[in-house]
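Just so you know, these numbers come straight off a predicted model, no measurement behind them. Letters A, B, ... are given to chains in the order of the sequence lines, protein chains preceding strands, and every chain is numbered from 1.
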Amino acid sequence: MIRSDPETLLIDSLDALLRMAARLTKSPEEAEDLVQETCARILGKRRSFISHPNPKGYAFKTLFNLARDRGRSQARMPKIVSVADMDSEIGAVQPDTEASSRFILNSLDDEVEKALEDLSMEFRGALWLREVEGFTYDEIAQIQGVPVGTVRSRLARARRLMAERLAEYGSARGYGKDRPSSRERKTS
Amino acid sequence: MMQNNSCREWEERLSAYSDGELMDSPALEAHVEECPLCRRRLANHQALGERLRQLPPPDLSDCQNRLEMGILQKRHFHQGNRSILAAASVVILLLVGVWVALRPASHDSMLRDYFDDHIGIVATQDHKGFLSDDPKAMEAWLSERLGFIPNIPPWPWAQWKSARLCAIRGERVAFVQLAMNDLDASLFIHPSVRHGMSETASPQSPHIAVERGYAAACWQKDGLEYVLVAPASATNMFNRLD
């Protein structure tokens, strides 16, 4: 297979890396710094990058590792939920607190961004990689260095948490939580 | 409305199903058909993905430009480095090649070849070539084959055995076998100009080296270079080379 040089491959992925970094950090400066370090790390291992079967995934993996290391060094804990907290929820009967799809589609950008930011880095990353960057579960597993089952679990929980948080924001704005439609009531 | 436990159990599969990562799941589809909450969740997943993709991208164009510049600079630096490294490698290889071609062979490294030949012959008791106890006859035999006359020293104390040709560093050398007090010895003779060894040594004052239990005496005389290799215990004979 003929490949471009590593710099060209990296520049092709730069936009996506910056988008991801912006979701993993608190400011554009921090995002730029993270991507810059990612690029330096990748170009320091040019052969590994160029010979990798999925260079874009390799770049994201590097980005994630660095973001995680930074998160550890800054002792940034997940904001809303930890995996331990989530595990304790399994099987528990929870009230229906999720917003409806119509509600989600009509939510404000700020609300969606805030709900996303409130997720832990792992959940946020998995959701972003899937929904925006279009990576498969296998690819996300490689990027995040976890089994596919964990990716599946992270995505399901991230989605539920997002829906719940958007419902909360809607309530705060004075919108009542969407109730099940008449059809839903009929069939439940 | 409270959701039930069974819906929680479907949660992960539902999420994977909405991502197209769960194929052929009639049980899930049957459940979704019956369960309004899961139907809503499925719709939520699609809405959430759509909403995330609609988020305005953060204005990072300046960052991107700076990063691109940085990456391109690294490429130029890398290419520059590669060119410099390639050029440096060529220069180093040339220098090494020139040095190897032109360096004078060290005395000891050249002597090692003589030691090796002598030890090899002694170890194999290989007495072949032109067998004779007459140094003049051996000289004549060698002259015909070498292109120069190897003036074999007329040592009365030597017991001459044979003559042959050998190659030292690609050059033809006269190789005479003899015994000194019943100890096997080898005398190598070649034009000194070609090897440049022992310029200042003479039969009266030979250059002597010892290696692996053997001793070598080297000297020049009449445009020829001589190397006599014998057991180290025979070095007392080296003062009789004149």
Side-chain angles (χ1 to χ4, degrees), chain A residues 5-8 10-11 14-15 18-19 21-22 28-29 31-32 35-36 39-40 43 46 89-96 98-105 107 109 112-113 116 127-128 130-132 136-137 149 152-153 155-157 159-160 162-163 166 179-181 183-188, chain B residues 1-22 33-79 82:
Chain A
D5 58 298
E7 287 83 3
T8 306
L10 200 51
I11 287 172
L14 203 52
D15 188 34
L18 268 171
R19 276 198 308 264
E29 292 76 23
E32 182 179 357
V35 175
Q36 191 173 28
C39 294
L43 293 177
R46 307 165 65 88
E89 290 180 8
I90 295 173
V93 177
Q94 295 290 318
D96 171 26
E98 296 180 29
S100 72
S101 58
R102 186 172 56 81
F103 198 96
I104 289 171
L105 285 170
S107 56
D109 287 342
V112 178
E113 285 184 345
L116 186 64
L127 190 61
W128 190 264
R130 174 63 215 155
E131 294 291 12
V132 181
T136 65
Y137 281 23
R152 200 157 94 155
S153 166
L155 282 168
R157 292 170 183 183
R159 282 170 169 145
R160 174 156 52 83
M162 283 284 288
L166 288 174
R179 308 313 306 169
S181 66
R183 180 170 175 267
E184 285 172 347
R185 277 198 297 274
K186 208 176 287 177
T187 53
S188 62
Chain B
M1 174 184 164
M2 302 290 282
Q3 64 177 328
N4 55 42
N5 279 329
S6 64
C7 286
R8 180 72 76 181
E9 286 166 14
W10 288 107
E11 185 180 25
E12 282 187 19
R13 298 186 69 189
L14 199 64
S15 173
Y17 181 78
S18 68
D19 284 326
E21 296 264 353
L22 194 68
E33 185 62 31
E34 290 175 359
C35 177
L37 178 62
C38 287
R39 263 204 310 280
R40 184 146 67 102
R41 275 201 174 141
L42 200 55
N44 278 359
H45 293 168
Q46 288 159 0
L48 186 60
E50 198 174 323
R51 197 65 194 81
L52 285 169
R53 287 186 289 275
Q54 283 171 353
L55 279 180
D59 185 14
L60 295 167
S61 52
D62 286 347
C63 297
Q64 187 161 351
N65 289 338
R66 280 193 294 274
L67 288 165
E68 276 192 32
M69 288 296 293
I71 291 169
L72 291 173
Q73 279 173 358
K74 276 186 193 300
R75 171 158 62 189
H76 294 145
F77 180 73
H78 180 74
Q79 287 172 341
R82 274 201 310 194

Exercise. A156(A) and E12(B): which non-hydrogen atoms are nearest, and at how many Å?
Worked result: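 Minimum heavy-atom contact is CB-CA, 3.7 Å.
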
Side chains of [X] and [Y] in contact at under 4.5 Å (non-hydrogen atoms):
X	Y	answer
C63(B)	L18(A)	yes
R159(A)	S18(B)	yes
T136(A)	D19(B)	no
R51(B)	E131(A)	no
P28(A)	D59(B)	no
Q64(B)	D15(A)	yes
I71(B)	T8(A)	no

Seminar exercise, completed: Counting heavy-atom pairs under 4.5 angstrom with chain A, the leader among E50(B), E21(B), R53(B) is E21(B)

Spatial distance of atom [atom1] ([X]) from atom [atom2] ([Y]) [nearest 0.5 Å]:
X	Y	atom1	atom2	result
L52(B)	I104(A)	CG	CD1	9.5 Å
L67(B)	E32(A)	CG	CD	5.0 Å
L48(B)	M162(A)	CG	CE	4.5 Å

For this session: Could you have a look at E29(A), R19(A), E113(A) and say which one has the most heavy-atom pairs with chain B under 4.5 angstrom?
Result: E113(A)

Problem set entry | Largest heavy-atom contact set with chain B, pairs under 4.5 Å, which of I11(A), L10(A), V35(A) |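 Between I11(A), L10(A), V35(A), the count favours I11(A).
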
Problem set entry | Interface moiety of L43(A) toward chain B, non-hydrogen atoms closer than 4.5 Å |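 Side chain only.
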
For this session: Using the side chain to side chain contact (heavy atoms under 4.5 Å, CB included) rule, take V132(A) and L55(B) through it: C-alpha gap first, then chi angles, then the decisive distance, then the call.
Result: CA-CA 10 Å; V132(A) 181; L55(B) 279 180; over 6 Å; no

For this session: Applying side chain to side chain contact (heavy atoms under 4.5 Å, CB included), name anything that partners L22(B), two or more places apart in sequence or on another chain.
Result: R152(A), R13(B), A16(B), Y17(B), S25(B), L28(B)

